[in-house]
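Worksheet: one structure, shown below.
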Amino acid sequence: MKLDFIPVDYDYFDFEGRNFAKVIGRSSNGKRVCIIDSCDVYFWAILKEKISQKEIERLSEKIGEIQLDVKGRRTKVEKVELHNKKFLGNEVKALKIFATNYKDLHDIADQLGMPEIEKRRGYDLGFISHYIMEKKLNPLNWYEINGEILNNSLEFGGIDSSLNVDLCIKVDSIKQSDKQNFSPKVLAFDIEADDLKIGEGELLMVSFISENFKKVITWKKCTKKLDYVECVKDEAELIERFVEIVKKISPDFLVGYFTDGFDFPYIKARAMKHKIKLDIGLDGSQPRFSKSGVGRFGTAKIDGIVHIDLLRFIETAYSQYMQSEVMSLNEVANEFLGEGKKEFEFRHSSKIDSDGWEKYFEYNLHDSVLTYKIFEKIWPDLLEFTRVMQEPVFDVSRNGMSRNVEDYILHNLSRFNEIPERRPGYDEIGERKKREKYVGAFVFEPTAGLYQNLGIFDFTSYWPSIIVTFNLSKSTMLEKKEKNSLEVDLKDKKVYFSKKPGFFPEMLKEIIEKRKKYKKELAEKFDVIKKARSNAFKLLANASYGYLGFFGARYYCPEASASATSISRDFIKEIIAKINNEGYKTIYSDTDSIAFLLNEKSKQKTLEFLKKLNSGLPGIMELELEDFYKRGIWVTTRTGEFGAKKKYALITEKDKLKIRGFETVRRDWCALAREIQNNVLLMILEDGDEKRALEYLKKLVKEVKERKINVKKMMIRTQLKKPISEYKSITPHVVAAQKMLEKEMPIDMGTLIEYYIAETDSKKKLVRDKVKLSDEPGEYNIEYYLKHQILPAVENIMQVFNFDVNTIIETKKQKTLGEF
DNA sequence: GAAGTGGATATACC
DNA sequence: ACTGGTATATCCACTTC
């Protein structure tokens with residue numbers, strides 16, 4: 001039997017003591033296929049230097065005789081081989097120790113306390129990762145599979161008869177295929193419930209969207225007006241229908257939004273209450289819920305069907321580039337699709353009239369529609385991320401960038417003949433976390449002022465280009481100085497790096513080259529998959545520097561991180577000096593970018609100068625023009641003593657604004673202050689003086705004093721970063737959160753708390769005593785908003801023109817101060 | 001009880 | 001705990017006189 005196959009979901013099982021991979025995917029004619037395969041399981045014992053051949057033979061024999069009785073399983077070492085390998089770039093002799101079951105590797109490794117053995121590695125990868133590395137059956141790529149159909153055979157304990165697939169195949173051989181296209185079957189869903197606390201209310205309805213399929217199932221209230229609404233008897237029947245529909249559609253991907261944290265835990269809790277089995281897995285199993293880490297939400301994994309929680313992937317892959325300040329379905333849908341959620345005013349189901357129910361059904365269905373559409377939009381990225389990281393899409397969609405970097409490294413090690421480094425243990429992580437911060441990037445202190453005609457240069461992929469050019473990594477760091485090695489002087493010690501290219505910088509170099517290649521091809525002809533691939537490589541490169549300094553990294557090397565920042569400071573300062581020497585004037589610089597005054601020099605000349613600068617840069621380091629700007633403004637800090645860093649605004653000749661750091665771009669300031677500041681900046685940068693901005697400001701201050709501003713514009717939004725009880729300092733947003741708790745509103749860490757500062761009786765002095773929730777009636781506190789929102793937002797901007805904004809704010813107290 | 005200061009907290013920049 | 005360091009700013013908590 002031969003067929004084209006694309007692996008989608010990976011799992012494994014034990015049969016007669018051995019591990020078997022059970023991979024679910026599709027054939028080219030759209031059939032649901034399961035393949036069963038096995039691979040060698042082994043780990044490495046790295047030998048100490050200067051061990052004689054005879055000693056190795058004796059050791060191998062001894063290891064080969066190891067037998068264990070663990071976890072109710074008798075196991076033994078099956079085979080031992082000697083290999084020439086590399087570990088952290090060094091040539092080593094290592095024993096490849098084969099076992100029957102992957103789960104035994106750790107226990108066997110524990111038996112290897114022999115003095116000839118230096119290190120034990122490669123037993124902590126997880127069977128699926130190990131299988132993918134061994135057999136190169138990469139997720140979401142097409143293969144030609146040769147094998148034997150299991151037709152209700154008793155092999156593997158009759159696994160195929162209990163699996164709801166079209167075909168089950170025992171693999172003989174795997175060959176790469178050229179096929180590219182894959183359109184998965186997708187089912188999006190969303191639930192509504194009365195109480196937002198998990199499992200504490202009733203499930204009211206569930207909506208589904210798939211290709212040519214839409215449905216809302218409900219039991220509270222029935223309607224004949226909407227043809228997609230299906231009515232059932234009660235909540236128990238609703239859950240049973242949910243199970244039936246997932247089984248009937250049997251999608252490759254079951255997609256939701258925040259479904260790891262809300263929908264699945266909710267359905268599980270309600271199903272348990274009614275004693276209903278959520279047997280939606282292809283093998284008839286219920287979703288497996290795993291808790292991952294403290295405070296973080298767990299995951300819901302379904303056998304054979306990949307559950308995707310869009311929120312998770314969006315947070316890692318997109319959030320840093322998104323405009324939206326919150327990652328709710330509404331905001332994300334607006335940004336991705338230009339379309340938000342349907343309007344619906346929530347109330348308890350007992351208080352909804354029949355019109356209300358119809359609106360509720362539409363609302364619920366539309367959430368699934370948005371979820372489905374967002375999935376379609378991000379699918380190319382998810383596909384390419386998975387192909388690049390070579391881990392199952394379930395994991396890739398949930399992993400953070402550090403994990404992605406590590407997966408990429410692990411799956412590419414074999415090309416370098418490298419044995420994988422181990423994951424740090426609990427104690428080691430503890431030690432690493434105690435490490436003092438190393439010195440980071442250089443930030444130039446600007447002089448406050450309004451400037452004309454600026455240019456900005458910046459380094460392309462600064463960190464990756466430094467790591468590659470100077471060969472920085474754990475494996476290239478030397479014990480001591482060697483001939484031709486690079487010496488970096490860190491604050492408390494000197495470190496050295498070999499010139500011999502290491503696998504980490506080499507991989508990074510490949511990543512950058514691939515990114516460049518796809519980007520170039522994209523410029524010639526747009527292609528959504530290439531765009532996604534280019535993006536995956538870009539994010540991977542950007543995260544690689546942070547990975548080196550991350551305490552959880554296998555290839556953790558803070559010395560390499562510190563060296564990268566040290567080198568970065570040297571280069572940026574050198575370029576600043578060269579720019580100034582050429583007759584330009586540096587105004588500002590942060591990490592990898594430099595803003596300078598053109599000083600009557602032409603753009604043409606500036607670009608030629610850039611070329612000259614580039615010719616002096618080593619390796620793959622490259623400086624490019626970010627843009628030219630008509631005007632730019634830098635302000636002082638609030639104390640007025642220094643030019644403020646990380647806060648500036650620029651405008652191009654085409655009047656395009658670029659604002660950084662100002663309150664305008666901070667979500668924890670009220671909309672009014674942000675709007676005023678934004679307009680003031682725009683007017684000043686457009687005109688080159690403050691006159692128009694000043695008139696505008698006076699007008700707005702008057703409106704605030706006359707209470708003409710809608711209280712909606714006064715809302716301050718601040719995120720809860722930890723459980724309320726853990727706050728040592730009771731700030732306004734904590735008070736607001738406490739008020740929400742009293743009202744039984746669901747709050748969690750991560751919730752964005754919305755409140756305003758209201759007029760209250762004058763005895764209370766602290767800001768937090770004047771906090772009111774967004775829906776609480778009250779009047780905004782004029783003095784607070786003038787003095788603590790508007791004034792700070794514009795004070796330092798106007799100071800550039802020697803204008804004191806206090807003179808137009810003029811609250812009672814300010815007057816007495818103003819007399820000085 | 002006003003004034004000053006350090007710590008806790010949130011968010012942005014790169 | 002789930003990439004890194006640098007920086008600003010607010011408001012509370014506490015000390016001091």
Side-chain angles (χ1 to χ4, degrees), chain A residues 292-297 312 315-316 320 325 395 398-406 423-424 426 429-430 432-433 435-446 458-459 461-463 467 539-553 555-558 560-562 564-566 568-569 572 588-593 626 635-639 642-648 658-669 716-722 726-735 752-753 757 765-771 784 787-789 792-793 795-796:
Chain A
S292 68
V294 188
R296 291 292 278 184
F297 290 103
R312 292 256 183 155
E315 275 179 336
T316 46
Q320 70 174 126
E325 285 161 11
D395 302 289
R398 287 168 174 79
N399 287 340
M401 279 316 291
S402 68
R403 187 59 197 264
N404 285 331
V405 171
E406 194 149 286
R423 199 182 291 140
Y426 184 82
I429 288 181
R432 290 176 179 188
K433 276 160 79 178
R435 163 178 72 80
E436 265 189 58
K437 277 189 172 183
Y438 56 84
V439 186
F442 169 72
V443 188
F444 185 98
E445 189 191 304
D458 61 13
F459 280 99
S461 311
Y462 202 31
W463 300 121
I467 292 167
L539 291 175
L540 210 48
N542 286 348
S544 61
Y545 153 74
Y547 174 84
L548 288 175
F550 169 50
F551 55 78
Y555 294 100
Y556 175 71
C557 186
S561 305
T565 59
S566 167
S568 84
R569 294 190 299 272
I572 201 91
Y588 182 62
S589 166
D590 185 348
T591 311
D592 61 350
S593 72
E626 199 257 346
V635 299
T636 62
T637 60
R638 279 220 84 196
T639 56
F642 314 99
K645 297 171 177 180
K646 299 187 186 287
K647 244 184 164 183
Y648 59 89
K658 177 176 171 171
I659 299 180
R660 293 290 120 100
F662 276 112
E663 285 74 6
T664 298
V665 298
R666 294 179 63 95
R667 71 168 178 198
D668 55 347
W669 282 71
I716 297 164
R717 298 193 296 179
T718 314
Q719 192 182 35
L720 272 188
K721 296 279 226 185
K722 50 187 173 188
E726 282 177 29
Y727 279 92
K728 288 181 196 161
S729 178
I730 309 304
T731 50
H733 85 293
V734 175
V735 170
L752 207 54
I753 308 290
I757 305 303
K765 291 223 131 165
L766 293 173
V767 178
R768 68 171 172 216
D769 296 325
K770 305 185 212 298
V771 164
Y784 175 81
K787 274 173 64 182
H788 296 275
Q789 292 278 322
E795 192 176 28
N796 301 311

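In this text, all values refer to a predicted model and were calculated from it rather than measured experimentally. The chains referred to below are lettered A, B, ... by the order of the sequence lines, with proteins before strands, and numbering in each begins at 1.
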Polar atoms only, N or O, under 3.5 Å: list the protein pairs with nucleotides 12-14 of chain B and their distances.
from	atom 1	to	atom 2	distance (Å)
B/dA12	OP1	A/Val665	O	3.1
B/dA12	OP1	A/Arg667	N	3.1
B/dC13	OP1	A/Gly661	N	2.8
B/dC13	O2	A/Lys646	NZ	3.0
B/dC14	OP1	A/Tyr648	OH	2.5
B/dC14	O3'	A/Asp592	OD1	2.3
B/dC14	O3'	A/Asp592	OD2	3.4

In whole Å, what is the span from the [atom1] atom of [X] to the [atom2] atom of [N]?
| X | N | atom1 | atom2 | result |
| --- | --- | --- | --- | --- |
| A/Tyr438 | C/dG4 | OH | P | 8 Å |
| A/Ile753 | B/dT11 | CD1 | P | 11 Å |
| A/Leu548 | C/dG5 | CG | P | 12 Å |
| A/Tyr556 | C/dA1 | OH | P | 15 Å |
| A/Phe442 | C/dT6 | CZ | P | 13 Å |
| A/Glu795 | C/dA9 | CD | C1' | 13 Å |
| A/Glu726 | B/dT9 | CD | P | 9 Å |
| A/Gln320 | C/dG4 | CD | P | 14 Å |

Classify the nucleic acid contact of [X] as base, sugar-phosphate or nothing, counting any heavy atom under 4.0 Å across all strands shown.
| X | answer |
| --- | --- |
| A/Gly549 | sugar-phosphate |
| A/Ala441 | sugar-phosphate |
| A/Thr637 | sugar-phosphate |
| A/Val439 | sugar-phosphate |
| A/Arg435 | sugar-phosphate |

Flag the pair A/Glu315 and A/Arg398 as a salt bridge only when some basic side-chain nitrogen lies within less than 4.0 angstrom of an acidic carboxylate oxygen. no
Would you mind telling me which of C/dT3, C/dT6, C/dA9 lies closest to the side-chain atoms of A/Lys437? C/dT6
C/dA1 and C/dG5: how far apart are their P atoms, nearest whole angstrom? 16 Å
Can you measure from CG (A/Asn796) to OG1 (A/Thr636) and round to the nearest 0.5 angstrom? 4.0 Å
Among all residues two or more places apart in sequence or in another chain, which pass the side-chain contact (heavy atoms from CB on, under 4.5 Å) test with [X]?
| X | value |
| --- | --- |
| A/Phe550 | A/Ser402, A/Ala553 |
| A/Leu752 | A/Val326, A/Arg667, A/Arg717, A/Gln719 |
| A/Lys728 | none |
| A/Asp590 | A/Val443, A/Tyr588, A/Lys646 |

Residues two or more places apart in sequence or in another chain: which of them pass salt bridge (Lys or Arg N to Asp or Glu O under 4.0 Å) with A/Arg432? A/Glu428
Applying salt bridge (Lys or Arg N to Asp or Glu O under 4.0 Å) to A/Lys721 and not counting sequence neighbours gives none
Do A/His788 and A/Ile757 touch side chain to side chain, with heavy atoms closer than 4.5 Å? no
Earlier contact from the 5' end, DNA chain C, for A/Phe551 and A/Gly440: A/Phe551
What residues form a side chain to side chain donor-acceptor pair (under 3.5 Å) with A/Ser729, not counting sequence neighbours? none
Between protein and nucleotides 10-17 of chain C, map the contacts as a letter string: B base, S sugar-phosphate only, - none, heavy atoms under 4.0 Å, written 5' to 3'. SSSS----
Would you say A/Lys721 reaches B/dA8's phosphate, i.e. side-chain N/O to OP1/OP2 under 4.0 Å? no
